[in-house]
Amino acid sequence: MTTEQTIPNQDENQIITERRAKLTALRNAGIAFPNDFERKNLSGDLHTAYGEMSHDELATAHVSVAVAGRMMLKRVMGKASFATVQDMSGRIQLFISNGDTGEEAHSAFKHYDLGDILGASGVLFKTKTGELSVRVSQIRLLTKALRPLPEKFHGLTDQEQKYRQRHVDLITNEDARRVFTIRSKVIQSIREFFMRHDYLEVETPMMHAIPGGASAKPFVTHHNALDMEMFLRISPELYLKRLVVGGFEKVFEINRSFRNEGLSTRHNPEFTMIEFYEAYRDYKYMMDFTEKLFCEVSRKVLGTTVITYQGREIDLAKPFERLTMTQAIRKYHPQFSDAQLNDRDFLINELEDLKAKYNTKDALGGLQLSLFEELAEHQLFEPTFIVDYPVEVSPLARSSDTHPGVTDRFELFIVGREIANGFSELNDPEDQEARFDAQVLAKEAGDEEAMFKDADYIRTLEYGLPPTAGEGIGIDRLVMLLTDCASIRDVILFPQMRPEI
RNA sequence: GGGGGAAUAGCUCAGCUGGUAGAGCAGCGGACUCUUAAUCCGUUGGUCCGGGGUUCGAUCCCCCGUUCCCCCA
């Protein structure tokens with residue numbers, strides 16, 4: 001809405017200059033950006049309704065249509081032309097000729113450029129090669145595109161440009177449209193699943209005075225009026241459990257959370273997950289529930305539970321395997337005995353040999369986890385729940401009644417990546433306070449990802465959190481799986497990038 | 001953070017261990033009334049990512065930097 005002409009001279013080129021001249025001519029001739037074209041038909045609907053009709057049937061039916069879209073292909077043959085326009089539902093071919101539109105309109109059309117947005121009305125017909133097309137009687141330029149599109153055959157292939165100029169990627173690459181359409185449907189079907197199970201969708205704060213609910217470094221910001229440091233949330237967990245205390249016994253939030261860590265093919269600093277909590281359930285129920293969810297989402301969105309990821313097939317309808325960490329290690333490294341995997345000195349020796357990262361102060365469970373991450377995690381291609389996480393890395397999970405040092409917790413791995421994390425919630429306020437205190441000690445000892453003590457959350461638990469199970473599922477990673485994308489940037493519309501200049 | 005790769009016309013890409021750059025598409029002009037990445041003829045278009053260095057001469061070799069991609073932590 002600015003009247004100021006902001007022309008980026010530095011990347012002005014001949015093509016843009018010529019298109020600008022065409023725009024100037026349009027301005028001089030009248031309204032250059034009209035807003036009165038009434039689009040009546042989508043190309044996809046027309047193909048569905050009339051695609052199967054013969055040339056003669058269509059001629060008899062005499063179907064009048066008005067379509068609009070971006071011109072993607074253009075073939076001029078003297079007194080007649082073909083153009084392909086693309087709208088939100090697909091593409092349709094236009095036939096423009098002196099005989100149908102008059103020579104003046106057709107001549108004007110010849111100066112339209114690929115990328116321009118057109119509106120056309122006319123009658124449906126089939127070409128002699130059988131392609132459903134519009135015999136155009138009136139055609140208008142609705143929006144002049146000043147910048148040229150990428151090459152019509154290859155589209156945009158430069159990864160950086162695909163991410164930085166996602167609109168161009170979406171215009172030219174059908175696969176990009178496919179991925180983000182699937183993403184939308186995945187979220188929709190997840191929401192439907194939870195609605196059907198009587199969950200309440202809620203929104204909790206994204207700005208936290210105390211970042212909690214996960215072990216991660218937060219982004220820091222500042223509230224001016226309150227003059228206080230605030231954090232972008234790393235997880236909505238503690239707020240959602242407050243709501244369970246409040247009596248909302250089944251809640252979920254499809255949330256954006258933020259973690260101040262590096263960027264990679266698996267990490268974007270802001271990411272989408274769903275967290276959900278259900279009272280009077282345990283972590284075992286959540287595993288069953290998760291299997292149902294994954295199966296249903298895949299079936300609804302893709303029409304099948306059998307997916308192919310990077311060349312390998314997975315059937316989400318098959319029961320997900322459930323292993324403890326040591327079982328998973330032994331599955332891929334049968335040379336280890338149970339006794340060895342329960343021997344601190346042995347584990348430390350192995351981790352040293354592997355040059356793996358681990359915390360020397362860790363108890364047995366922490367060391368097992370380090371070895372699991374080193375030797376087994378990346379091999380878990382088939383969906384696998386790893387159960388019985390150690391207490392020291394699970395400060396919000398309920399302790400096992402039968403195995404000291406272990407919590408009622410699982411993580412789900414598919415294609416070697418963590419995709420979900422759930423547990424029976426710790427609802428003993430005194431135990432929770434002790435766990436927070438342990439986290440504070442870890443933080444003081446230099447663990448930047450250790451949790452803060454949240455006294456308000458303890459007070460909340462003191463009102464009584466019913467026995468509850470909760471879980472978080474990484475939606476970006478789930479979408480990667482369902483769309484066969486290798487990089488998280490391929491499933492995030494605008495992934496975080498370094499500034500261009 | 002470490003290692004490897006990439007950056008050349010608006011886009012997709014060539015460019016021979018050194019001699020100031022080419023093709024296709026797009027654009028512009030022309031021919032063409034059923035094309036399908038239309039075709040045919042002609043033609044415009046370059047900060048070879050940026051900055052230093054070596055050299056008579058650098059897109060090419062060396063150093064520094066920027067961004068992206070891949071692998072590792």
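Protein chains get the first letters and strands the later ones, always in sequence-line order, with residue 1 at the start of each.
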(message) Short of 4.0 Å, heavy atom to strand atom, which residues of residues 78-94 of chain A count as contacting RNA chain B?
(response) A:G78, A:K79, A:A80, A:F82, A:Q93
(message) Quick check: do A:F180 and A:L170 have side-chain heavy atoms less than 4.5 Å from each other?
(response) yes
(request) For the side chain of A:F125, starting at C-beta, report the closest nucleotide among B:rC34, B:rG29, B:rU12. (result) B:rC34
Could you tell me how far apart [X] ([atom1]) and [N] ([atom2]) are, to the nearest whole angstrom?
{"X": "A:M77", "N": "B:rC41", "atom1": "CE", "atom2": "P", "answer": "19 Å"}
{"X": "A:I96", "N": "B:rC34", "atom1": "CD1", "atom2": "C1'", "answer": "12 Å"}
{"X": "A:F153", "N": "B:rC25", "atom1": "CZ", "atom2": "P", "answer": "13 Å"}
{"X": "A:K22", "N": "B:rG29", "atom1": "NZ", "atom2": "P", "answer": "7 Å"}
{"X": "A:K110", "N": "B:rA26", "atom1": "NZ", "atom2": "P", "answer": "16 Å"}
{"X": "A:K74", "N": "B:rA37", "atom1": "NZ", "atom2": "P", "answer": "17 Å"}

Between [N] and [X], is there an OP1 or OP2 to side-chain N/O distance shorter than 4.0 Å?
{"X": "A:R75", "N": "B:rU35", "value": "no"}
{"X": "A:K126", "N": "B:rU35", "value": "no"}
{"X": "A:N13", "N": "B:rG10", "value": "yes"}

(message) For B:rU20, does the O4'-C1'-N9-C4 or O4'-C1'-N1-C2 angle fall within 90° of 0, making it syn, or is it anti?
(response) syn
(message) Give me the distance, rounded to whole Å, that separates B:rG51 from B:rA58 when you measure between the P atoms they each carry.
(response) 14 Å
For [N], give its Watson-Crick or G-U wobble partner with both distances under 3.5 Å, or none.
{"N": "B:rU59", "result": "none"}
{"N": "B:rA7", "result": "B:rU66"}
{"N": "B:rU47", "result": "none"}
{"N": "B:rU39", "result": "B:rA31"}
{"N": "B:rU20", "result": "none"}

(request) Would you mind telling me which of A:R177, A:R164, A:K162 makes a salt bridge (charged side-chain N to carboxylate O under 4.0 Å, His left out) with A:D169? (result) A:K162
(request) May I ask you to decide if A:G78's main-chain N or O and A:K110's side chain share a donor-acceptor pair within less than 3.5 Å? (result) yes
(request) Output yes when a side-chain donor or acceptor of A:R259 lies under 3.5 Å from a complementary backbone atom of A:I234, and no otherwise. (result) yes
(request) Do nucleotides 68-73 of chain B as a string where each nucleotide becomes B, S or -: B if the base has a protein heavy atom under 4.0 Å, S if just the sugar-phosphate does, - if no protein is that close. (result) SSS--S
(request) List the steps, then state whether side-chain hydrogen bond (donor to acceptor under 3.5 Å, both in side chains) holds for A:Q368 with A:N342. (result) CA-CA 8 Å; A:Q368 287 170 341; A:N342 283 292; 3.1 Å; yes
(message) Any donor-acceptor pair, under 3.5 Å, between the side chain of A:T157 and the base of B:rU12, if you only look at N and O atoms?
(response) no
Output a table of donor-acceptor pairs, distance under 3.5 Å, between side-chain atoms of residues 372-389 of chain A and any protein atom two or more places apart or on a different chain; print 'none' if there are none.
residue	atom	partner	partner atom	Å
A:Q379	NE2	A:L375	O	3.1
A:T384	OG1	A:E382	O	2.8
A:Y389	OH	A:E411	OE1	3.4

(message) Classify the ring geometry of A:F336 against A:F346: parallel below 30°, tilted from 30° to 60°, perpendicular beyond 60°.
(response) perpendicular
